[in-house]
Amino acid sequence: MRGYKIFAGSASVEFAKEICQVLDVPLGNADIKKFSDGEISVQIAESVRGRDVFIVQSTGAPSNDNLMELLIMTDALKRSSASSITAVVPYYGYARQDRKAAPRVPITAKLVANLYETAGIDRVVTMDLHAGQIQGFFDIPVDNLYGSVTFEHYIKSKNLKNPIIASPDIGGVARARYFAKRMGLEMVIVDKRREKANESEVMGIIGDVEGYDVIMIDDMVDTAGTMVKAATALKNKGATSVMACATHGVLSGKAYQNLENGELDELIITNTLDTKEHSKIKVLTVAPLFAEVIRRVYHNESVNGLFE
């Protein structure tokens, strides 16, 4: 085998270190800094000729800097004769605009896919894309991992008396149904109407939650407005407790204030993004899962087998 190397962008250094610890390989040496005007400078400080290279970099806030850094690292590795370049992007930024939902708007998820391919990325490994169809925006292989595997073990450890799965909106029904099937639980839906970006209004609950411990499933939590309002609506309908599982803890704006003042009992997220500590937040690591996927990709083994 040619051998592989793992490098980290500045947004995911600790995450990459954890992956390397699991795989028992050293983290690649890359010198990343900025010029005084803010331009990003990258130098790969070791040979990668003929190697399969994995770049670990989430493209969350600051999204523009982290995305550009990933592209520049890719170009540096490509010009250094790497055999292949796999972008390990735990959180795929700019995914929320995945279709033309209004006149004269961009499809940023597709634009970013084009940028990845133009830069020279050969494969993408990510987790819980905002919409599954984003995989189709690429002409290269994309592995979209499921964070629900990690949540499953944690929820079982809670020994909830009467658990039920909930989708916080209509768009997340498929994700919640998949999780409910894995857990062998029933499912309800929170029906909401979004007035504008980052604001939502809960309209009602489809299904019975009286006396249940509700577990909401989503791909990300941003301002936490949806989660908190959904928790209020569920408790108004008789839910005993409400916890939420969201793979990506974006947590921008008034997120921490909303969590502090809201009726959501617990928020479980993963470490795809760096998150500040909070009494209501539990962070689970998905680095070992990504490590196993990297190992399987390198050895040409099935990735889907991890989720069957």
Side-chain angles (χ1 to χ4, degrees), residues 1-32 42-60 66 69-78 80-92 116 119-129 135 138 140-154 247-249 269-275 283-308:
M1 304 293 281
R2 290 185 297 270
Y4 67 93
K5 291 193 175 186
I6 298 173
F7 291 87
S10 57
S12 302
V13 174
E14 293 305 316
F15 191 87
K17 284 180 179 178
E18 193 173 343
I19 288 175
C20 289
Q21 186 175 9
V22 172
L23 293 172
D24 194 24
V25 297
L27 181 63
N29 189 6
D31 184 17
I32 304 171
V42 171
Q43 182 177 15
I44 306 302
E46 59 187 82
S47 175
V48 294
R49 185 178 295 274
R51 300 296 185 95
D52 293 322
V53 177
F54 297 84
I55 310 172
V56 184
Q57 172 80 325
S58 277
T59 51
N66 291 332
E69 189 179 288
L70 172 61
L71 300 177
I72 293 172
M73 289 184 73
T74 300
D75 189 71
L77 290 162
K78 186 179 180 182
S80 302
S81 301
S83 177
S84 69
I85 300 170
T86 298
V88 179
V89 188
Y91 172 72
Y92 182 90
Y116 279 26
I121 289 169
D122 299 297
R123 187 185 194 99
V124 176
V125 177
T126 187
M127 177 169 274
D128 282 339
L129 286 168
Q135 293 175 83
F138 289 87
I140 56 176
V142 177
D143 294 306
N144 183 28
L145 313 183
Y146 299 109
S148 55
V149 175
T150 305
F151 295 136
E152 184 179 344
H153 298 304
Y154 180 75
T247 304
H248 310 297
I269 58 176
T270 72
N271 60 339
T272 57
L273 292 165
D274 287 336
T275 307
V283 181
L284 306 178
T285 181
V286 287
L289 177 58
F290 275 90
E292 176 60 17
V293 169
I294 288 173
R295 190 195 67 78
R296 290 187 180 214
V297 167
Y298 176 67
H299 289 286
N300 295 316
E301 297 176 7
S302 171
V303 172
N304 190 57
L306 283 168
F307 305 99
E308 292 176 346

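Keep in mind that the numbers below use all heavy atoms, side chains included, and drop hydrogens, waters and symmetry copies.
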* Tell me, with the steps shown, if M73 and Q57 meet side chain to side chain contact (heavy atoms under 4.5 Å, CB included). => CA-CA 10 Å; M73 289 184 73; Q57 172 80 325; 5.8 Å; no
* **side chain to side chain contact (heavy atoms under 4.5 Å, CB included) assessment of V293 paired with V88** => CA-CA 10 Å; V293 169; V88 179; over 6 Å; no
* **V125 vs I294, side chain to side chain contact (heavy atoms under 4.5 Å, CB included): CA-CA, chis, key distance, verdict** => CA-CA 9 Å; V125 177; I294 288 173; 6.0 Å; no
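Between I85 and K78, the shortest heavy-atom distance links the atoms CD1-N, 3.6 Å. In terms of heavy-atom proximity, G60 sits nearest to L273 at CA-CD2, 3.8 Å. For the residue pair V13 and A8, the shortest heavy atom distance occurs at CA-CB, 4.0 Å. Closest approach of S12 and S58 over heavy atoms only: OG-N, 2.9 Å. In plain terms, the two heavy atoms of A76 and V42 that are nearest each other are CB-CG1, 4.2 Å. Residues T150 and V286 share a closest heavy-atom pair of OG1-CG1, 3.5 Å.
Taking the six-membered ring where the residue is Trp, Y92 and F138 present perpendicular rings, their angle passing 60° and hence far from 30°.
In this structure, the separation between CG on D143 and CE on M127 is 11.5 Å, given to the nearest 0.5 Å. Separating the NE2 atom in H153 from the CG atom in L284 is a distance of 10.5 Å, to the nearest 0.5 Å. Summarising the geometry, atom CD1 belonging to I121 is positioned 9.0 Å from atom OG1 belonging to T86; distances are rounded to the nearest 0.5 Å. Of the inter-residue distances, the one linking L145 atom CG with E292 atom CD reads 11.0 Å to the nearest 0.5 angstrom.
The number of heavy atoms from other shown groups lying within 6.0 Å of CG (D75) is above 12. A 6.0 Å sphere centred on CG of D24 holds no more than 12 heavy atoms belonging to other residues, nucleotides or ligands. Crowding of E301 atom CD: a count of heavy atoms from other residues, nucleotides or ligands under 6.0 Å exceeding 12.
The side-chain heavy atoms of E14 and N271, taken from C-beta on, include no pair separated by under 4.5 Å. Taking the side chain as every heavy atom from C-beta outward, E18 and F290 never approach each other to under 4.5 Å. Looking only at side-chain heavy atoms (C-beta outward), R123 and P141 come within less than 4.5 Å of each other. Residues I72 and I32 are not in side-chain contact: their nearest non-hydrogen atoms beyond the backbone lie 4.5 Å or more apart. Looking only at side-chain heavy atoms (C-beta outward), V297 and Y4 stay at 4.5 Å or farther from each other. The shortest side-chain heavy-atom distance between Y116 and T59 falls under the 4.5 Å cut-off. Between I6 and L23 there is a side-chain heavy-atom pair separated by less than 4.5 Å. Contact of the T247 side chain with the Y91 side chain is not registered, since no non-hydrogen atoms from C-beta on lie closer than 4.5 Å.
Not a single side-chain hydrogen bond (donor to acceptor under 3.5 Å, both in side chains) links D122 to another residue, sequence neighbours left out.
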Kindly list each side-chain donor-acceptor pair under 3.5 angstrom involving residues 44-54, sequence neighbours excluded, with atom names and distances?
{"residue": "E46", "atom": "OE1", "partner": "N29", "partner atom": "N", "Å": "2.7"}
{"residue": "E46", "atom": "OE2", "partner": "K5", "partner atom": "NZ", "Å": "2.8"}
{"residue": "R49", "atom": "NH1", "partner": "S81", "partner atom": "OG", "Å": "3.3"}
{"residue": "D52", "atom": "OD1", "partner": "R2", "partner atom": "NH2", "Å": "3.2"}
{"residue": "D52", "atom": "OD1", "partner": "S84", "partner atom": "OG", "Å": "2.7"}
{"residue": "D52", "atom": "OD2", "partner": "R2", "partner atom": "NH2", "Å": "3.1"}

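Distance alone, capped at 3.5 Å, is enough to place a donor-acceptor pair between the N144 side chain and the D128 backbone.
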